[in-house]
Number of protein chains: 2
Amino acid sequence: MESRKNGHSKVLLGHLEQDILEALWKRGESSGREVFEGVSRDIAITTVLTVLERLVSKGLVEKKRGQEVNLFRCAYTREELAKKLSDEVFRSILGLSASAASAAFVNILADINPIELNRLESLIESKKKELELSGKDA
Amino acid sequence: MESRKNGHSKVLLGHLEQDILEALWKRGESSGREVFEGVSRDIAITTVLTVLERLVSKGLVEKKRGQEVNLFRCAYTREELAKKLSDEVFRSILGLSASAASAAFVNILADINPIELNRLESLIESKKKELELSGKDA
DNA sequence: TTGACATTCTACATTATGTAGAATATTATG
DNA sequence: CATAATATTCTACATAATGTAGAATGTCAA
């Protein structure tokens with residue numbers, strides 16, 4: 001439903017950027033050509049190389065010289081990247097309305113991965129204990 | 001720390017857009033000039049008018065003819081907007097790593113508004129019950 | 001050495017956002 | 001009513017992010 005601006009709908013990273021990271025996570029360290037094949041899109045290989053290069057600039061991908069070709073690999077695991085990207089976005093939305101954001105978060109999590117609801121609950125418990133400790137002398 | 005691209009650091013809406021929405025939420029229905037004053041920035045009033053107009057295009061602000069001037073107001077409450085904006089972003093990050101995203105969410109919520117942790121917990125409980133019901137015949 | 005492939009450079013298109021002057025419309029008032 | 005003061009709309013530019021890829025150049029193996 002969400003009225004996407006136009007063609008795009010990127011959120012945190014561009015679509016191609018995401019696909020490239022996905023390919024790298026799946027295949028592990030790979031050459032440019034392998035990444036190109038991994039994303040399997042009808043685009044020129046130079047396009048992939050260019051974006052790969054940009055990801056390197058952003059520090060999201062690491063490049064090193066292999067024997068015959070350059071090799072690329074993600075600088076972060078999915079988890080690490082999720083954490084990195086979360087910060088700004090969560091802060092922004094939670095700042096708008098913590099309650100609404102929380103509700104939305106739970107709804108979406110339930111939709112995507114309901115099992116995680118339990119883990120989320122545990123996380124909250126832990127965090128609460130943590131806060132009690134740090135705040136007990138107030 | 002987050003290496004901001006350049007000058008910008010927008011997430012979901014531009015800075016000026018956010019400021020304008022804030023001004024509208026604070027003041028309620030307002031004229032263009034009032035919004036301009038509300039955002040109190042050293043920019044031309046037409047800049048505010050332009051962005052206001054764009055927000056109208058995006059459906060985030062409503063415009064109507066007042067007696068002597070046009071009046072603008074937010075089409076959504078903070079809560080509604082937070083919900084609207086959450087969807088895509090949360091889905092994207094949760095899709096990357098539900099566990100990492102959950103952890104980040106809890107950390108940031110605890111930082112911004114710890115009291116909400118309790119509410120979040122309740123939300124999870126409710127959601128879990130809800131899921132049990134819908135899934136009990138599986 | 002030379003052809004195939006890899007890498008880098010350069011460049012363009014599109015979209016989003018911030019910015020605002022010019023042009024036009026409207027209103028209040030002398 | 002004429003007109004100055006405002007308000008509104010139009011048009012336009014700048015910058016950044018992203019996708020896109022051809023041209024130029026580099027490298028390696030047969």
Side-chain angles (χ1 to χ4, degrees), chain A residues 2-23 29-72 85 88-89 92, chain B residues 2-23 29-72 85 88-89 92:
Chain A
E2 283 302 66
S3 68
R4 282 294 97 262
K5 351 281 166 159
N6 286 301
H8 290 257
S9 79
K10 62 137 302 197
V11 180
L12 307 147
L13 292 174
H15 281 160
L16 183 52
E17 290 178 321
Q18 284 180 191
D19 285 358
I20 286 176
L21 289 180
E22 286 299 336
E29 194 165 69
S30 318
S31 68
R33 163 143 268 124
E34 289 168 332
V35 175
F36 167 65
E37 281 156 6
V39 300
S40 47
R41 281 196 189 201
D42 186 26
I43 54 179
I45 187 175
T46 50
T47 298
V48 172
L49 275 293
T50 299
V51 174
L52 219 25
E53 213 59 56
R54 286 181 188 159
L55 287 170
V56 171
S57 302
K58 292 183 186 177
L60 299 184
V61 165
E62 281 165 4
K63 174 164 90 163
K64 79 171 189 194
R65 186 66 206 176
Q67 305 227 264
E68 353 211 308
V69 297
N70 287 326
L71 294 175
F72 300 87
L85 298 183
E88 183 180 2
V89 178
S92 181
Chain B
E2 283 301 65
S3 67
R4 281 294 96 264
K5 350 281 167 159
N6 287 300
H8 291 258
S9 80
K10 64 135 299 195
V11 181
L12 307 146
L13 291 175
H15 282 162
L16 183 51
E17 291 179 319
Q18 284 181 186
D19 285 359
I20 285 175
L21 288 181
E22 286 298 337
E29 194 165 68
S30 317
S31 68
R33 165 143 267 124
E34 289 168 332
V35 175
F36 167 65
E37 282 155 5
V39 300
S40 48
R41 280 196 189 202
D42 186 27
I43 53 179
I45 187 174
T46 50
T47 298
V48 173
L49 274 293
T50 299
V51 175
L52 219 24
E53 213 58 57
R54 286 181 188 158
L55 287 170
V56 171
S57 301
K58 292 184 185 176
L60 299 184
V61 165
E62 281 164 4
K63 175 165 88 162
K64 79 172 188 192
R65 187 65 205 177
Q67 304 226 266
E68 355 211 307
V69 296
N70 287 324
L71 294 175
F72 300 87
L85 299 183
E88 183 179 3
V89 178
S92 181

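Everything quoted here is computed from the prediction, not taken from an experiment. Residue numbers begin at 1 in each chain, while the letters A, B, ... track the order of the sequences.
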- Query: For A:Glu53 and C:dT10, what is the distance between atoms CD and C1' respectively, to the nearest whole Å?
  - Reply: 14 Å
- Quick one: the side chain of A:Arg54 and the base of D:dG19, do they pair up donor-acceptor inside 3.5 Å? yes
- Message: Heavy atoms only, 4.0 Å cut-off, all strands: where does A:Ser31 land among base, sugar-phosphate and nothing?
- Response: nothing
- Note on the structure: Atom CD of B:Gln67 and atom C1' of D:dT6 are separated, to the nearest Å, by 16 Å
- Query: Roughly how far apart are B:Phe36 CZ and B:Ile20 CD1, rounded to 0.5 Å?
  - Reply: 10.5 Å
- Message: Side-chain N or O of A:Arg65 versus OP1/OP2 of D:dG26: is the shortest distance under 4.0 Å?
- Response: no
- Message: Whether A:Glu29 and A:Lys64 form a salt bridge (side-chain N of Lys/Arg under 4.0 Å from carboxylate O of Asp/Glu) is what I want to check.
- Response: yes
- Item | Whole-Å gap separating P (D:dT20) and CG (A:Leu55) | 13 Å
- In whole angstroms, how far is the P atom of D:dT20 from the CG atom of A:Leu16? 6 Å
- Message: In whole Å, I'd like the distance from the CZ atom of A:Arg41 to the C1' atom of D:dG19.
- Response: 9 Å
- Closest nucleotide among C:dT7, D:dA21, D:dC10 to the A:Ala44 side chain: D:dA21
- Query: What nucleotide, of C:dT8, D:dT8, D:dG19, holds the atom closest to the side chain of B:Val69?
  - Reply: D:dT8
- Query: OP1, OP2 of D:dT9 versus side-chain N and O of B:Lys63: anything below 4.0 Å?
  - Reply: yes
- Is any side-chain nitrogen or oxygen of A:Thr47 closer than 4.0 Å to OP1 or OP2 of D:dG19? no
- Close side-chain approach of B:Glu68 to B:Ser31, heavy-atom, < 4.5 Å: no
- Check ion pair B:Lys63-B:Glu53 (N to O, under 4.0 angstrom): yes
- Nearest-Å distance, CG (A:Leu49) to P (C:dC5)? 15 Å
- Query: Does B:Lys58 have a side-chain nitrogen or oxygen under 4.0 Å from the phosphate oxygens OP1 or OP2 of C:dT17?
  - Reply: yes
- Message: In this structure, how many angstroms lie between the P atom of D:dA23 and the CD1 atom of A:Ile45, rounded?
- Response: 17 Å
- Polar side-chain atom of B:Glu17 near backbone of B:Gly14 as donor-acceptor pair, under 3.5 Å: yes
- Query: Given D:dA21, C:dT19, D:dA29, which nucleotide is nearest the side-chain atoms of A:Glu68?
  - Reply: D:dA29
- Query: Mapping A:Val48 and B:Thr46 onto DNA chain D by nearest heavy atom, which one lands closer to the 5' end?
  - Reply: B:Thr46
- Message: I need the CD-C1' distance between B:Glu17 and C:dT15, as an integer number of Å.
- Response: 13 Å
